[in-house]
**Q** 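Please find one structure pasted underneath; my questions will follow.
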Amino acid sequence: MIIFDLKKGVFDASYTPQQTVLTFMQEDDTLEVMEINPFLKDFLTNCDGDETLEDISRKLYPLFGEGLSEEAFFSNCVEALQALTENKMIQSV
């Protein structure tokens, strides 16, 4: 919420406290700050170079897969990997 406001030039005096996960990525002289959801936080945490995408999907399915089949959840993980790679937040090997 705060990040969206700041990007729009809105500076409220205070905000209701809430747990927020931010990522920071610097490219040249620009620092990009993004708020990510709990799924992406856990997804990134598990991208350690040892876990396969299948391993990560199996691990996160019980936490975030409610209402989805395992196959549908895996497809979401593939999309997350593609988006994170396109945004240069991770490198796929």
Side-chain angles (χ1 to χ4, degrees):
M1 181 71 134
I2 295 171
I3 296 299
F4 295 123
D5 282 356
L6 293 176
K7 286 184 176 185
K8 292 186 297 186
V10 175
F11 304 96
D12 287 345
S14 66
Y15 289 87
T16 304
Q18 65 184 40
Q19 187 173 8
T20 304
V21 179
L22 303 175
T23 62
F24 299 84
M25 189 172 83
Q26 184 163 357
E27 190 169 323
D28 298 323
D29 291 336
T30 304
L31 179 64
E32 179 72 25
V33 181
M34 294 183 354
E35 181 177 349
I36 61 172
N37 62 35
F39 166 73
L40 279 179
K41 175 195 160 282
D42 288 355
F43 189 92
L44 283 169
T45 300
N46 282 280
C47 290
D48 61 4
D50 293 324
E51 302 283 340
T52 66
L53 185 56
E54 291 82 3
D55 294 335
I56 294 169
S57 179
R58 273 193 298 276
K59 190 182 292 186
L60 298 182
Y61 179 72
L63 302 171
F64 301 102
E66 185 177 335
L68 297 172
S69 67
E70 289 185 34
E71 294 79 19
F73 185 75
F74 180 75
S75 292
N76 288 350
C77 290
V78 170
E79 289 176 16
L81 177 63
Q82 290 169 336
L84 291 168
T85 302
E86 288 170 10
N87 287 306
K88 300 178 184 174
M89 293 182 72
I90 60 173
Q91 291 181 332
S92 185
V93 290

**Q** To the nearest 0.5 angstrom, please state how far the CG atom of N76 sits from the OG atom of S57.
**A**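 N76 atom CG to S57 atom OG measures 8.5 Å (nearest 0.5 Å).
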
**Q** Run F24 and L31 through side chain to side chain contact (heavy atoms under 4.5 Å, CB included) and show every step you take.
**A** CA-CA 7 Å; F24 299 84; L31 179 64; 4.1 Å; yes

**Q** Quick one: CG on D48 to CD1 on I56, what's the gap to the nearest 0.5 Å?
**A** 7.0 Å

**Q** To the nearest 0.5 Å, how far apart are CG in L40 and CG in L84?
**A** 5.5 Å

**Q** So, do T23 and M89 sit near enough that their side-chain heavy atoms are less than 4.5 Å apart?
**A** yes

**Q** Please tell me whether V10 and V33 are part of a single hydrophobic cluster in this structure, the criterion being side-chain heavy atoms less than 4.5 Å apart.
**A** no

**Q** Ignoring hydrogens, what is the shortest heavy-atom contact between L53 and F74? Give both atom names and the distance.
**A** CG-CE1, 3.9 Å

**Q** I90 versus L81: any side-chain heavy-atom pair under 4.5 Å?
**A** yes

**Q** Determine whether more than 12 heavy atoms belonging to other residues, nucleotides or ligands lie under 6.0 Å from atom CD of E66.
**A**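 Atom CD in E66 is not packed in, count stays at 12 or less.
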
**Q** For C77 and F39, what are the C-alpha separation, side-chain angles and deciding distance, and is it a side chain to side chain contact (heavy atoms under 4.5 Å, CB included)?
**A** CA-CA 10 Å; C77 290; F39 166 73; 4.1 Å; yes

**Q** Less than 4.0 angstrom from a charged side-chain N to a carboxylate O is my criterion; do K7 and E32 meet it?
**A**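 Salt bridge flag = yes for E32 with K7.
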
**Q** The test is side chain to side chain contact (heavy atoms under 4.5 Å, CB included); show your working for F73 and L60 and say whether it passes.
**A** CA-CA 9 Å; F73 185 75; L60 298 182; 3.8 Å; yes

**Q** Assess whether side-chain hydrogen bond (donor to acceptor under 3.5 Å, both in side chains) is satisfied between D42 and T45, documenting all intermediate values.
**A** CA-CA 5 Å; D42 288 355; T45 300; 5.0 Å; no

**Q** Give, for atom CZ of F43 and atom CD1 of I36, the distance between the pair rounded to the nearest 0.5 Å.
**A**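 Output value for this atom pair is 11.0 Å.
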
**Q** Flag the pair K59 and E51 as a salt bridge only when some basic side-chain nitrogen lies within less than 4.0 angstrom of an acidic carboxylate oxygen.
**A** yes

**Q** Without swapping roles, check the side chain of T30 against the backbone of Q26 for a donor-acceptor pair under 3.5 Å.
**A**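 No; zero donor-acceptor contacts below 3.5 Å.
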
**Q** Show your working on side chain to side chain contact (heavy atoms under 4.5 Å, CB included) between L22 and T20 and close with a plain yes or no.
**A** CA-CA 6 Å; L22 303 175; T20 304; 3.7 Å; yes

**Q** Determine whether more than 12 heavy atoms belonging to other residues, nucleotides or ligands lie under 6.0 Å from atom NZ of K88.
**A** no

